Amino acid sequence: MTPSPPFTHFGPEVLQAALGALPARAVEEFTGSWDDLPADAHLGTDTPYRFRRYGRFRIHPDRLERLPHTAFFQEKSVNKVHGGVERLFAPLAGAVAGGAVLRTVVHTLRRRLPGPRAGMDACGVHQIRVTATPHAEGHPAPEGIHQDGHCYVAQVLIRREDVRGAESCLYDLRRRPVHRALLTAPLETIVLDDRRLLHGVSPVRPAPGAASGVRDMMLVDFFADEDSSLTGSSPQDSSVPGSSLPR
């Protein structure tokens, strides 16, 4: 049997159709929640350019079960910049975590995984904003070309305003480019098999003449709930078992 392609890249119409049954106000409030992301305290820069929240869920057919908040952890072998460090990000807001929009997006993405869905019953959700000014570019992936240490990773563009750059590139395991894309339309999405690909993204810079630029992304990591090595959670969190594009 021919193996499935290791990634899928689709336009905004997929998530637009899924969200079409929900009140427009709910979708607007969901995308507007990116305006309330605190600065990433783990960047190590004097001026923050990345802002984020994070949450974990067990996926049920009709709902998402929110799991206890814990630090996000990646092995040093996966993330050479922040690996081996427990990064405690702000939790997702209650309205975001418990809302119909997130539930719809996660279930829609899960149906689009580029490979078997069996056992993919947990996920991590990252809300990320990267900003840039003429004097300070933003780095969506300071770790460079990498893997995230999960099974599948979905990257959903929420907003792209007054920016240039931020080209996404997927590579095979020999670091040969297999796909390049500039996500430009809100809800445009790439879903990749993190075990079969590496990925990277170029820096974010403001568009010519702009004082600043903003790129908002939602990243969803899919993994098996019973496999704590794939959860992205702290290795000390034993109470609950169990980021493409780069973080």
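If you're wondering where the values come from, they're calculated on a predicted model, not measured in any experiment.
The line from CZ of Arg196 to OH of Tyr152 is 7.0 Å long, rounded to the nearest 0.5 Å. Between the OG atom of Ser168 and the CG atom of Leu182 there is a distance of 7.5 Å, given to the nearest 0.5 Å. Here the OG-CD distance, from Ser212 to Glu161, works out to 8.0 Å after rounding to the nearest 0.5 Å. Considering CZ of Phe51 and OG1 of Thr131, their distance stands at 4.5 Å, rounded to 0.5 Å. Taken from CG in Leu64 to CZ in Arg58, the straight-line distance is 11.5 Å, to the nearest 0.5 Å. To the nearest 0.5 angstrom, Leu19 atom CG is 7.0 Å from Thr108 atom OG1.
At a threshold of 4.5 Å between side-chain heavy atoms, the hydrophobic network of Ile, Leu, Val, Met, Phe, Trp and Tyr places Tyr171 and Leu197 in two separate groups. Val201 and Ile145 fall into different hydrophobic clusters, where Ile, Leu, Val, Met, Phe, Trp and Tyr residues are linked whenever their side-chain heavy atoms come under 4.5 Å apart, directly or through other members. Leu183 is not connected to Leu198 by any chain of hydrophobic side-chain contacts under 4.5 Å among Ile, Leu, Val, Met, Phe, Trp and Tyr, and they are in different clusters.
In plain terms, the two heavy atoms of Ala132 and Gly138 that are nearest each other are CB-N, 3.8 Å. The minimum heavy-atom distance linking Ala185 with Leu157 is given by the pair O-CD2, 3.5 Å. Between His179 and Ala181, the closest heavy-atom pair is NE2-CB, 3.8 Å. Closest non-hydrogen pair, Leu187 versus Thr189, comes out as O-OG1, 3.0 Å. In this structure, Pro208 and Arg164 approach most closely via the heavy-atom pair CD-CD, 4.0 Å. Closest approach of Val204 and Ala166 over heavy atoms only: CG2-CB, 3.7 Å.
Here the side chains of Leu92 and Leu102 are in contact, with some heavy-atom distance below 4.5 Å. No side-chain heavy atom of Leu170 sits under 4.5 Å from any side-chain heavy atom of His9. Two residues are said to be in side-chain contact when any heavy atoms from C-beta on lie closer than 4.5 Å; Leu88 and His69 meet this criterion. Side-chain contact check for Glu188 versus Phe10: every heavy-atom pair is 4.5 Å or farther apart. The closest side-chain heavy-atom distance from Phe222 to Leu109 is below 4.5 Å. Using a 4.5 Å heavy-atom threshold, the side chains of Val214 and Asp162 count as separate. Two residues are said to be in side-chain contact when any heavy atoms from C-beta on lie closer than 4.5 Å; Arg56 and Thr70 meet this criterion. Side-chain contact between Asp194 and His199: present, with at least one pair of heavy atoms (C-beta onward) separated by less than 4.5 Å.
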Q. When you look at Asp62 and Arg103, which way does the side-chain contact (heavy atoms from CB on, under 4.5 Å) test go after all the steps?
A. CA-CA 8 Å; Asp62 60 341; Arg103 181 180 71 246; over 6 Å; no
**Q.** Intermediate values then yes/no, side-chain contact (heavy atoms from CB on, under 4.5 Å), Leu219 and His150
**A.** CA-CA 12 Å; Leu219 309 177; His150 302 292; over 6 Å; no
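Proximity of a side-chain donor or acceptor of Asp216 to a complementary backbone N or O of Ile158 within less than 3.5 Å is not detected. Using a distance-only test at 3.5 Å, with no hydrogens or angles considered, no donor-acceptor pair links the side chain of Arg52 to the main chain of Gln127. Although no hydrogens or angles enter the test, the distance criterion places no donor-acceptor pair under 3.5 Å between the side chain of Thr8 and the main chain of Val191. Looking only at distances, no side-chain donor or acceptor of His139 sits under 3.5 Å from a matching main-chain atom of Val130. Without hydrogens or angle criteria, Arg53 side chain to Asp36 main chain gives a donor-acceptor distance under 3.5 Å.
Between Arg129 and Asp35, at least one side-chain nitrogen of the basic residue sits less than 4.0 Å from a carboxylate oxygen of the acidic one, meeting the salt-bridge criterion.
Classified by interplanar angle (parallel below 30°, tilted 30° to 60°, perpendicular above 60°), the ring pair His126/Tyr54 is tilted.
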